Each structure stands twice: as C-alpha cells, then as structure tokens.
Amino acid sequence: HLHEVKHLISVNNTLNSWRQFSRVIVLGTRAQEVLAEQLAIREAYEAMRKKKEELEAALVVGQQPGPELLAVISDLEGLQWQVNYTAPELRRWILQQADLMIDAARREDNTAVVCEQAVLVFKMTLTTDKFEEVRTLMDPAAWPAMRVELLDCVAKHDSSLPGSPITTRQQIELLLKEGLFLEAIGIFPDPDPVSKRKISNSQERIELLELLWLEGERQSPA
C-alpha cells in the first residue's frame, strides 16, 4: 500500500505539472484513501501503546500482567509490522494531495471537491483557521450539520497521542469558542500522574481553568 501511494503521489505531481487536473483529482483521491488507512492504523497503534503504559503503571510491584494488559500487548504485536510512518508524516502527505486537488478542482470549477478537501484539511489539522475556511466555503443550509460533524471530531480527538496536530489547550479553546462548554470540560487534562493528557505547566492549567470558569459564567442563566 505505501509503495503504491508513493507511486501515486509521484505520478500525481507529474500530472499536475502537465495540467491534467481532472486526473489529479482522481489519483489524489486514491492516494488519500490509502494514506487515511495508514493513519488510522498508526493512531490505533499509538492509542494501544498509551493504554499499555497506563495498565503497566497501575501494576503493583511484583504483580503479573492481567488479561486486559496481555490482550493489549498481543494487539500491539499484531499492528507493529503495519506501522511504517509517523502520524505527522502521513498527515503531511494527505495535506499535500489536498493542496493539489483544491487547486485542480478550482481550475475545473468543481466546488464539491474544493469543499470536500477543505473538510479533510480541517480534520487533519483541527485548527480554528481551517474551521473558518470550511464555514466560508459551505452552503449555509449545509453548514449546521457540518459544524456538528467537525466539532465532534475535535471533541473526540486525543491530543495526548504522539503526533497530534493540536495541543489540548488549542482543542479546548476551539470548543469554547464554539460554545461547547461541557465538551471542553470533558477533555480537560486529568491530574492523575498516570494519565498522558496533561498540561505542560501549572500556570497553563490555571489559565485554562480560568477560561472554563469564565465561559461557565457566561453561559449560566442570569
């Protein structure tokens, strides 16, 4: 698969230089599908590694691994051979194809592909700027449902995993900006030392708590 996608990327760059824009869209779509599969595997692998570390940290001295930890170790061994590139590398390749496809779609006057790729770019980056780009591009009638979908991606994202495109702080700030107070509370870093969802320093934790408090006050009935 990865050999195939590298070939597709190379061919697509050539097609773009030849201004074969409709073919760029077709090949770019295929390349993104393969890369997305690999990214899902990498993220599953990192989530399992995190779970393994948490379960190991919970063991007392001399305690043998239980069934849950042994199952996670087995699953990790099964996925390990499929993991070849980091999440940032895979996202970067997906975004490179998105850039080509957006340019090609605009030249072909294909607004549907432009919107689809803008949504994908947001899901790869989870930034406020890209969120606003999608809002600008979407049909106003379709935006409410799309907004829910995009913010659901933000709320469910685990920013503690290696290669996350955003920090927990950025994640919370975007949710608060869009009025999702309860969702922001739900991902606030766990003070448990075993947890990997942490804020880098106590000052940042205080600042985020202040943000949450102010937003809670704002949303509270008068």
Side-chain angles (χ1 to χ4, degrees), residues 32 35-36 38-40 42-47 49-51 86-99 101-102 111-192 195-221:
Q32 286 179 335
L35 289 166
Q38 291 298 311
L39 180 58
R42 165 56 78 173
E43 290 178 336
Y45 178 78
E46 295 296 352
R49 281 183 58 187
K50 176 183 175 182
K51 184 66 174 177
T86 66
E89 287 174 322
L90 293 165
R91 284 197 189 89
R92 184 175 72 250
W93 290 330
I94 290 171
L95 291 171
Q96 286 172 349
Q97 291 305 297
D99 286 343
M101 293 170 67
I102 288 172
T111 55
V113 169
V114 172
C115 288
E116 288 168 6
Q117 289 301 302
V119 169
L120 179 60
V121 168
F122 171 76
K123 291 180 178 181
M124 290 296 107
T125 61
L126 300 176
T127 64
T128 300
D129 288 348
K130 297 305 179 183
F131 182 83
E132 293 302 330
E133 283 186 22
V134 178
R135 191 201 302 266
T136 300
L137 288 168
M138 289 293 296
D139 184 314
W143 172 244
M146 179 57 66
R147 176 181 178 274
V148 170
E149 178 182 333
L150 299 186
L151 292 174
D152 187 55
C153 289
V154 177
K156 290 179 177 177
H157 178 71
D158 187 350
S159 57
S160 72
L161 294 180
S164 170
I166 57 171
T167 64
T168 303
R169 180 189 181 93
Q170 291 168 326
Q171 189 179 10
I172 289 174
E173 286 176 341
L174 177 52
L175 291 173
L176 289 179
K177 177 178 176 292
E178 292 300 313
L180 300 185
F181 179 65
L182 295 179
E183 287 81 355
I185 289 178
I187 64 168
F188 191 77
D190 192 336
D192 183 344
S195 174
K196 286 239 183 139
R197 189 183 281 278
K198 299 175 184 175
I199 289 295
S200 58
N201 57 65
S202 58
Q203 181 59 38
E204 190 171 6
R205 176 179 288 277
I206 291 169
E207 290 172 0
L208 282 178
L209 282 171
E210 288 176 347
L211 279 175
L212 289 169
W213 181 80
L214 289 171
E215 185 63 21
E217 286 287 298
R218 190 184 70 80
Q219 293 191 23
S220 295

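Quick caveat, the model's predicted, so the values are computed rather than measured.
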Item to check | Minimum heavy-atom distance Ala87-Pro162, with the two atoms named | outcome: CB-O, 4.4 Å
Checklist entry - Could you give the distance from CG (Leu180) to CD1 (Ile185), rounded to the nearest 0.5 Å? => result 11.5 Å
Next on the checklist: Is it the case that the side chains of Ser160 and Lys50 hold a donor-acceptor pair, with the cut-off being a distance below 3.5 Å and no angle test?
Outcome noted: yes
Checklist entry - Between atom OH of Tyr45 and atom CG of Leu161, what is the distance when rounded to the nearest 0.5 Å? => result 12.5 Å
Item to check | Side-chain heavy-atom pair Leu39, Arg91 within 4.5 angstrom cut-off | outcome: yes
Checklist entry - How many angstroms lie between atom CG of Asp152 and atom CD of Glu183, to the nearest 0.5 angstrom? => result 8.5 Å
Checklist entry - What are the two closest non-hydrogen atoms of Ile94 and Ala36, and how far apart are they? => result CD1-N, 4.0 Å
Would you mind writing out the side-chain donor-acceptor pairs for residues 116-123 within the sub-3.5 Å range, not counting sequence neighbours?
residue, atom, partner, partner atom, Å
Gln117, OE1, Gln32, NE2, 2.7
Gln117, NE2, Gln32, OE1, 3.1
Lys123, NZ, Glu149, OE2, 2.6

Checklist entry - Taking all atoms of both residues into account, what is the closest heavy-atom pair of Ile187 and Leu175, and its distance? => result CD1-CD1, 3.8 Å
Item to check | salt bridge (Lys or Arg N to Asp or Glu O under 4.0 Å) against Arg135, all qualifying residues, sequence neighbours excluded | outcome: Glu132, Glu178
Checklist entry - Quick one: CG on Leu150 to CE on Met138, what's the gap to the nearest 0.5 Å? => result 8.0 Å
Next on the checklist: To the closest 0.5 Å, what do you measure between CG (Leu35) and CD (Gln96)?
Outcome noted: 9.5 Å
Item to check | Straight-line distance of Gln171 CD to Asp158 CG, nearest 0.5 Å | outcome: 8.0 Å
Checklist outcome for this item: Sorted by chain and number, sequence neighbours left out, salt bridge (Lys or Arg N to Asp or Glu O under 4.0 Å) with Glu46 holds for Arg42, Arg49
Checklist entry - Do Leu126 and Phe131 touch side chain to side chain, with heavy atoms closer than 4.5 Å? => result no
Checklist entry - Any Lys/Arg nitrogen of Arg169 or Glu173 sitting under 4.0 Å from an Asp/Glu carboxylate oxygen of the other? => result yes
Checklist outcome for this item: Between Gln170 and Pro165, the two heavy atoms sitting closest are OE1-O, 4.5 Å
